[in-house]
Amino acid sequence: MNWNWDKIFRHVSGVAKKKEKLLDSWTGEWFDTFLFATTLYFLVDLIWILIVPKCVKSPSTIVQHHIFTMLYILIPYYHHDKRWAMGACMSSEVSYA
């Protein structure tokens, strides 16, 4: 959603313009929505774990992780040139359990 996929495919396939970089594919159009949804997820999950700590194996570790992650995502919020990295970082939150 925050990427121009045509530019990405051109870059990956090798037909991109000489001066065009992969980072030029970043649009950031949905960044605010993504940031809000991510923060909301972490807050709701954090509250749930604090209320029902037995729902996970190690609540203290997850609570610390959520707090540090919410602090960490302030970096792309304040540094617009780093916003493109947030999606990649948040992809590690996908759980297959």
Side-chain angles (χ1 to χ4, degrees):
M1 291 200 289
N2 281 312
W3 295 92
N4 180 327
W5 289 98
D6 291 332
K7 284 185 178 183
I8 289 175
F9 291 134
R10 281 196 309 265
H11 186 78
V12 171
S13 66
V15 295
K17 297 174 185 173
K18 295 253 183 204
K19 293 183 179 181
E20 194 172 58
K21 298 178 184 173
L22 186 59
L23 191 54
D24 295 332
S25 303
W26 172 254
T27 65
E29 184 178 359
W30 294 91
F31 179 80
D32 293 332
T33 304
F34 182 45
L35 180 69
F36 175 76
T38 302
T39 305
L40 182 64
Y41 159 74
F42 279 110
L43 283 173
V44 169
D45 199 48
L46 177 65
I47 291 167
W48 178 255
I49 292 169
L50 291 172
I51 293 171
V52 187
K54 291 184 180 188
C55 67
V56 292
K57 287 183 183 178
S58 53
S60 64
T61 301
I62 295 174
V63 166
Q64 290 173 20
H65 164 73
H66 281 19
I67 291 169
F68 283 115
T69 302
M70 285 188 291
L71 291 172
Y72 192 76
I73 63 175
L74 290 175
I75 294 171
Y77 179 73
Y78 286 108
H79 299 278
H80 295 206
D81 62 323
K82 305 292 186 247
R83 289 184 169 187
W84 63 270
M86 188 172 159
C89 294
M90 290 298 107
S91 66
S92 68
E93 296 299 323
V94 176
S95 175
Y96 296 100

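Keep in mind that the numbers below use all heavy atoms, side chains included, and drop hydrogens, waters and symmetry copies.
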- Message: With a 4.5 Å cut-off on side-chain heavy-atom distances among I, L, V, M, F, W and Y, is there a chain of contacts connecting L35 to I67?
- Response: yes
- Message: Working to the nearest 0.5 angstrom, can you tell me the gap between K54 NZ and I49 CD1?
- Response: 15.5 Å
- Can you hop from I75 to L71 via hydrophobic side chains spaced under 4.5 Å? no
- Message: Could you see if F36 belongs to whatever hydrophobic cluster contains I73? Use Ile, Leu, Val, Met, Phe, Trp, Tyr and a side-chain cutoff under 4.5 Å.
- Response: no
- For the atom pair CZ (F34) and OG1 (T39), what is the distance rounded to the nearest 0.5 Å? 9.5 Å
- Query: Between W5 and M86, is there a shared hydrophobic cluster once you connect ILVMFWY residues whose side-chain heavy atoms come closer than 4.5 Å?
  - Reply: yes
- For P53 and P59, which heavy atoms make the closest approach, and how far apart are they? O-CG, 3.5 Å
- Task: Just say parallel, tilted or perpendicular for the rings of W26 and F31, cut-offs at 30° and 60°.
- Result: perpendicular
- Item | Distance (rounded to the nearest 0.5 Å) between E29 CD and W3 CH2 | 13.5 Å
- Message: Quick check for you: to the nearest 0.5 Å, what is the distance between L46 atom CG and H65 atom NE2?
- Response: 10.5 Å
- Query: M70 and L43: side chain to side chain contact (heavy atoms under 4.5 Å, CB included), yes or no, with the steps?
  - Reply: CA-CA 9 Å; M70 285 188 291; L43 283 173; 3.7 Å; yes
- Query: Should I62 and I51 be counted in the same cluster of Ile, Leu, Val, Met, Phe, Trp and Tyr side chains packed under 4.5 Å apart?
  - Reply: no
- Item | Residue pair I47 / H66, side-chain heavy-atom distance below 4.5 Å | no
